[in-house]
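Just so we're on the same page: letters track the sequence lines, and every chain starts at 1.
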Amino acid sequence: MADTLPKGYEPRDVEERWRAHWQDNKTFTPDPDAPGDPYCIVIPPPNVTGALHIGHALNQTLIDVLCRHARQKGKNVLWVPGTDHAGIATQNVVERALAREGKTRQDLGREAFIERVWQWREDYGHRILNQIRALGASVDWTRLRFTMDEGLSRAVRKVFVQLFNEGLIYKGDYIINWCSRCHTALADDEVEHEPHRGKLWKVRYHLADGSGEIVIATTRPETIPGDTAICVHPEDERYAHLVGKSAIVPVLGRHIPIIADSYVDREFGTGALKVTPCHDHNDWALGRTHKLEFLQVIDENGVMKAEAGPYAGLTKEACREKIVADIEAAGDLLDVEELDHAVGHCYRCHTVVEPHVSTQWFVATTKMAPAARAAVPELTRILPESWAKTYYRWLDNIRDWCISRQIWWGHRIPAWTCAQCGRLIVSEEDPTACPRCGGSDLRQDEDVLDTWFSSALWPFSTMGWPEKTKDLARWYPTSVLVTGFDIIFFWVARMMMMGQHFMGQVPFHDVYLHALVRDESGRKMSKSTGNVIDPLEMIDKYGCDALRFTLTAFAAMGRDIRLSEARIEGYRHFINKIWNAARFALMNLPETAPAPVDLGTVEGLHHQWILHRLEAVKQEMDAALEEYRFNDAAQTGYKFLWNEFCDWYLELIKPDMQDEARKPVAQYVLWTVLRELLLLLHPIIPFVTAEIWHALPVPAGQTATDIALEPWPAARPACVRPDEAARMELIQGVIVAVRTIKAELNISPAHKVSLLLHPADDAQAALLEASQGMIFPLARLESLAIGTDLTAPRASASSVVCGCQVIVPLKGAVDLNGELARLDKELAKLEKDVAGVQAKLHNESFTSRAPAEVVARERERAETLLDNRAKLLALRERFREALGDDGDA
RNA sequence: GGGCAGUUAGCUCAGUUGGUUGAGCACCGCCCUUACAAGGCGGGGGCCACAGGUUCAAGUCCUGUACUGCCCACCA
């Protein structure tokens, strides 16, 4: 006996041991020259500032399942780990730390500040890596990357310079989204629109020629000083006579033109709109088309500029208050309404975003998008497919991407201006002199690049690009990108564009978009709501395998996951179940691996059955994993292990283990099935399977291997035996029937009863005869008789299984009325089924139109049901007589 | 305003190509049966949101309705 496992599974030490083993042995560091089809996934790089949240845990679990499975299937697997420098987020974190010391980044100066961020990363950046490690992610740690490391920075520069030279990066004045707290531009998709209860002010503008007035509606009166036009719809009869005239800006007194544009919605407000080209995206567009004056009145700090006249120096909030009061005093405020509308907020700090005109750098994504769009679905599949539509729509309506950020932490834009002649120099290497005038006073652009710029290069920059590396040749394009749908625009689409442009190939064959993890009532998890589930805490409490299994089991394609701690706790039971099944096996296996037996010709219905089922499960789990049906794979493994292997097979072989003649076969089948089952489950729950695998006996002279390097179990066609499996089901049916009778008649399960079986035919009789050894212990019998000529005591409980009558003579204090009620209930159920099938079969159009195979199956079923019913009716009749006799006697 | 999901047992969710709705947790009853009480055995509980349609047959396909959630969007 090789029992070396403790009674209850204690994941903590086991997991830590395997983590260390895999890392120390570089188990997951692939050799580019090794054989096998390439399989590669790049990790969606978590922010260095981040702590692992449940979304990461889901993402990395699914990737790990895929990678481990691919490795089992003989592929040459590379999983590249890494982190993202997360410009704004990281800068914010460090600035907050500085603030606690009473300092600002300006106090330190740019260089010292950046030094400080690097230091911060030195101190804390490894946390997230430890968390990835804790999850059991089979990443190659030797290829760890960071978006700001030297190689990736070189890639960023090369991409920037090339795109600039190709005219795909340009610098220009544009209205962008400005966060006055982060003090930087934000890309369109970095702005989150939130519903807001605001006000709609209706303000009268007098005509310059004194001939009348026009009333506009605005939600932002503080921008009135920046008005340079009033706009109405060209077909709006109310205002047609005013178009071309001039109006006077309230308080400021400037004269502005009244123009017409079909953009205006006649139904909204008053149908007249004030145009402030510098402080509204739409007005910016109007200003361009109508060649209006551009007047900036709010600065980058949210303070009114000199151009705002009397309001100069006020904050925009104070300005709003004051100008409304002034207009009201002048009698030109006609109405104030409540209005629900969407207001943009910074996705990092949640400050209200101000449209702001400034000089920024842009990538001409409008030119790059068509190729990225065309690649789906032919070159890259998006799964679930429904997301492809979203992807298309975004690319079809894309605007150029603002990539400059007015912060310090990030890739500084490789552009310099010559102080002498003003020449703009964009270069991979830091220039020393101006190529035009030779001047040496070159000033580098102050801005850094959007974090997502470097992320967009991730699939090839991590593999060493622009060098022509072996890794790139071997593993680009990557196999699949696994990520949340929330970054399909930020990241996926941009990787597609950059990958195609610089590698000439899409960056991945598949994109699998997984769910968002929500709390049990469907809310997004967030620290402020206090509903977060911390994966590390879960790992600590229940073990990593329990967490991984839970996430996998709930990862149905296209659906959000509602997670609660109770579920993880529930699946911990499953891990423990495997553990105890293994303990049982070890108690019953020899020190070295049992001698092989030909499994294709093995005797014993239970062995044939479990081997048959194993083949089906093997095939189904493989297919599920290939098709990203993670939940199906998990569920199939769960049911097989618990409901078939543990509940039935382990019980069935207990008697074998007491019989020296049957023991060797049972041992070998047990050993084989358990080992293969561990392999099937290993991608999902790597730790417990590794530990058990290691403890199982191996052939004499060999040493235990690492399950992570073992192949997926091969198919064993000789073990596919549907007939034997069906026969096993009869045996199980009989056993369940006896158990049900006991349970429902309140007979203790431990109480041994006699059992009479009246088989339906000779084949059944022979089968039951041969299977007594299985029925006896599992049904807990005192005696068993099989035959059609047996006379049963009339006071018997009974049931019918596949035409076989199951009769349990009742002795002692048993509630006989209970049995009658039980029979009635069973008959009622049968009656319902019979009615259903017969209705179908009596339906002429069913029998004539349904496929013959379906009709035959229904007929067969009807026959069985009718037969069962007849037998059960007869049994009930006998029982009634018995009751009557007892009553009379 | 547009688009996309979801609606199945008390709760959280499965249900591949249409062919007797399944699981976990919760609940009820009986069991410490020598792998596991984090367990075993048995049980109750569903006109599959609603209304039409296609079909011999619909949870499954089509149309509409009602809620719920998400994404996108330039009604100031």
Review point. What nucleic acid atoms does Gly271(A) come within less than 4.0 Å of, heavy atoms only: base, sugar-phosphate, or nothing?
Key: base
**Study point:** Whole-Å distance separating the CD1 atom of Ile692(A) from the P atom of C36(B)
**Key:** 15 Å
Review point. Mind checking whether Trp387(A) and Tyr391(A) have ring centres under 6.0 Å apart?
Key: no
Practice item. Could you pull out all residues at least two apart from Asp656(A) that satisfy salt bridge (Lys or Arg N to Asp or Glu O under 4.0 Å)? Key: Arg662(A)
Exercise for review: Assert yes or no for the condition that the ring centre distance of Tyr571(A) to Tyr542(A) is strictly below 6.0 Å.
Suggested key: no
Revision key, fill the gap. Scanning all shown strands, the Watson-Crick or wobble mate of A35(B) with both distances under 3.5 Å is none
Would you list the protein and nucleotides 39-45 of chain B atom pairs, both N or O, that sit under 3.5 Å from each other?
unit_1, atom_1, unit_2, atom_2, d
G39(B), O3', Lys577(A), NZ, 3.1
G40(B), OP1, Lys577(A), NZ, 3.0
G40(B), OP1, Trp642(A), NE1, 2.6

Review point. Can a salt bridge be assigned to the pair Arg320(A) and Glu222(A) using a cut-off of 4.0 Å between side-chain N and carboxylate O?
Key: yes
Please list, pair by pair, any protein nitrogen or oxygen found under 3.5 Å from a nitrogen or oxygen in nucleotides 17-21 of chain B.
unit_1, atom_1, unit_2, atom_2, d
G19(B), O2', Arg857(A), NH2, 2.8
U20(B), O2, Arg861(A), NH2, 2.5
U20(B), N3, Arg861(A), NE, 3.1
U20(B), N3, Arg861(A), NH2, 3.4

Check your understanding: What residues form a salt bridge (Lys or Arg N to Asp or Glu O under 4.0 Å) with Asp400(A), not counting sequence neighbours?
Key -> none
Check your understanding: To the side chain of Arg629(A), which of C36(B), U16(B), U12(B) is closest?
Key -> U16(B)
Point to revise | Nucleotide C4(B), atom C1' - distance to CD1 of Ile488(A) in whole Å | key: 12 Å
Exercise for review: Give none if C4(B) has no partner; otherwise give the nucleotide forming a Watson-Crick or G-U wobble pair with it, both distances under 3.5 Å.
Suggested key: G69(B)
**Study point:** Whole-angstrom distance between U34(B) and G39(B), as gauged at atom C1'
**Key:** 14 Å
**Study point:** d(CD1, Ile533(A); C1', U12(B)) in whole Å
**Key:** 12 Å
Review point. Does Lys654(A) place a side-chain N or O at less than 4.0 Å from the phosphate oxygens OP1/OP2 of A35(B)?
Key: yes
Practice item. Identify which nucleotide among G2(B), C36(B), G22(B) has an atom closest to any side-chain atom of Lys639(A), counting heavy atoms from C-beta outward. Key: G22(B)
Exercise for review: Mind calculating the distance between OH (Tyr174(A)) and C1' (C74(B)) to the nearest angstrom?
Suggested key: 11 Å
Practice item. State which residues pass salt bridge (Lys or Arg N to Asp or Glu O under 4.0 Å) with Glu337(A); sequence neighbours excluded, sorted by chain then number. Key: Lys202(A)
Point to revise | Lys389(A) side chain near C4(B) phosphate (N/O to OP1/OP2, under 4.0 Å) | key: yes
Point to revise | Any residue meeting salt bridge (Lys or Arg N to Asp or Glu O under 4.0 Å) with Glu853(A), in chain and number order, not counting sequence neighbours | key: Arg857(A)
